[in-house]
Amino acid sequence: MSIVVPNYISEIDPYQGGKPIKEVAREIGIPEDKIIKLASNENPMGISPIAMKAINDSLREIDRYPDGNNYYLKEALSNKFKISPKQFIIGNGSNDILELAARTFVTKGDQVLFSEHAFAVYKLVCQAIGGQGVEAPSENYSHNLDAFLSLISDKTKLIFIANPNNPTGTLIKKKILKEFLDNVPENIVVVLDEAYDEYLDDSLKSETFGWLNSYKNLIVSKSFSKAYGLAGLRIGYGVSSIELIELMNRVRQPFNVNHLAQIAATASLSDKDFIEESRCINKSGMKQLTDTFKMLNLEFIPSHGNFVSFKLEDEKTAMMYYHHLLNNGIIVRPIANYDLPEFLRVSIGLEHQNNAFIKYLSNCNI
Ligand SMILES: *Cc1c(COP(=O)(O)O)cnc(C)c1O
């Protein structure tokens, strides 16, 4: 082929998502309604009825371009969190925010720092612009922030931290995170990805919005894909200093967030009960699964998210379990691409979904 692309593009390993239900139905021949997807950390409760009504009421409006400024969503976020609307940027999923951060603050040859076993998108958005990804070794599957500090160089422009992290579910203590931010030079942008914050107990919940005045180089990113259940609409947001938000807005596509996503996200912010119930169901489902792992003597990484990664003997055994579950209509996620080949990650489902997972996990005869 005569099309030549830079090596940093041809060397990218594409992102591997959870297998879609329709694909499994097609490939394995199981009816869609018999398939249980526990592979992408979606909310098994679906979406808030308030958001669903708002979407239905707005369907007629989709012949118009969306509001490129996301005015009403920013107002709603501003009221909820007592932060200026100018400090928010809305993205086509929070992945859009992660990518915007890379495209705004990193140029070719710059270094981007993230952890071993951290969310795959950090490496991808860095590679796509010719940045150099630098992976800090983890400690007990968790971010080791001292390792981060020791890897900072003149070339470091951006740091990604997932808290809680996916696929390990580990959480960094607030005090440790704050000490870390104190030690990061001000000319390096730090993105704290808090896609799973809604699932944390009150005492563990992030307080980073309150830190924004002290750290002008901090961007906090949030998602509507997980607890809010809007994964298919693609919407998330970033919060930072007005200065950084204005820079990212120059790079952002003018209509990056669709109309229904804006409507649904704005409506769902008002439904506290839905988020609370999602958190409770997640908590009991997490216990259901971790109790099972203990009973079966399977090691797992204690998780603060709506998923948990558990360990089999080796990669071959992990893939045998994966296929056994898949052939019985249960989709989980292999995470070899996170350098965790002996592990599988399962999202917490509703009780009967977890029971089905447990049934086929228990009867996999190796
Ligand atoms: C799922 C996930 C996201 C969310 O991505 P969206 O683009 O908002 O769907 C972000 N960060 C982490 C760590 C995740 O696991």
Side-chain angles (χ1 to χ4, degrees), residues 15-20 37-44 47 51 70 73 77 88-103 112 114-126 128 135 138 141-143 158-172 177 190-200 206 208 219-239 248 252-253 256-258 260-262 264-265 268-269 275 278 282 301 303-309 332-333 335 337-338 340 343 345-348:
Y15 182 81
Q16 300 161 10
K19 233 172 156 36
K37 184 179 177 212
L38 301 174
S40 300
N41 305 343
E42 295 141 343
N43 187 339
I47 82 169
N70 292 274
L73 178 54
L77 288 166
F88 291 94
I89 181 165
I90 317 296
N92 183 32
S94 61
N95 277 313
D96 194 18
I97 304 297
L98 307 176
E99 183 174 40
L100 280 170
R103 291 177 57 217
V112 178
F114 44 82
S115 177
E116 179 189 19
H117 313 311
F119 189 43
V121 168
Y122 308 151
K123 188 176 185 175
L124 286 173
V125 298
C126 160
E135 208 172 271
S138 64
Y141 305 112
S142 188
H143 283 60
L158 179 61
I159 296 175
F160 283 116
I161 291 176
N163 207 36
N165 184 41
N166 167 24
T168 61
T170 50
L171 182 75
I172 306 163
L177 201 51
V190 179
V191 175
L192 289 181
D193 177 349
E194 299 182 344
Y196 299 97
D197 189 63
E198 289 81 9
Y199 286 109
L200 297 176
S206 166
T208 51
I219 300 170
V220 180
S221 84
K222 299 271 185 180
S223 177
F224 283 103
S225 300
K226 305 291 156 61
Y228 284 99
L230 302 179
L233 281 178
R234 311 303 305 126
I235 184 159
Y237 60 97
V239 197
M248 286 198 285
R252 182 178 67 83
Q253 285 196 27
N256 62 329
V257 182
N258 75 76
L260 295 181
Q262 294 185 35
S268 66
L269 279 178
I275 295 297
S278 301
N282 186 61
I301 308 172
S303 168
H304 288 91
N306 63 342
F307 56 87
V308 54
S309 294
V332 298
R333 187 84 155 261
I335 47 174
N337 57 328
Y338 287 92
L340 295 168
F343 284 80
R345 190 194 71 194
V346 58
S347 307
I348 311 299

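Note that the structure is predicted; figures quoted are calculated from it, not measured. Ligands are counted one by one from 1 in listed order, and the atoms in each one are counted from 1 as well.
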Derivation of the ring pair (Phe, Tyr, Trp, His ring centres under 6.0 Å) call for Y196 and F307: CA-CA 10 Å; Y196 299 97; F307 56 87; 5.0 Å; yes
Backbone of N41 reached by a side-chain donor or acceptor of N306 within 3.5 Å: yes
Atom-level proximity to ligand 1, residues with heavy atom under 4.0 Å: G93, S94, N95, F119, N166, D193, A195, Y196, S223, S225, K226, R234
Geometric class of the Y141/H117 ring pair [parallel <30°, tilted 30-60°, perpendicular >60°]: tilted
Any donor-acceptor N/O pair, N70 side chain to Q262 backbone, under 3.5 Å: no
CD1 on I301 to CZ on R345, rounded to 0.5 Å: 11.5 Å
From CZ (R234) to CG (N95), nearest 0.5 Å: 5.5 Å
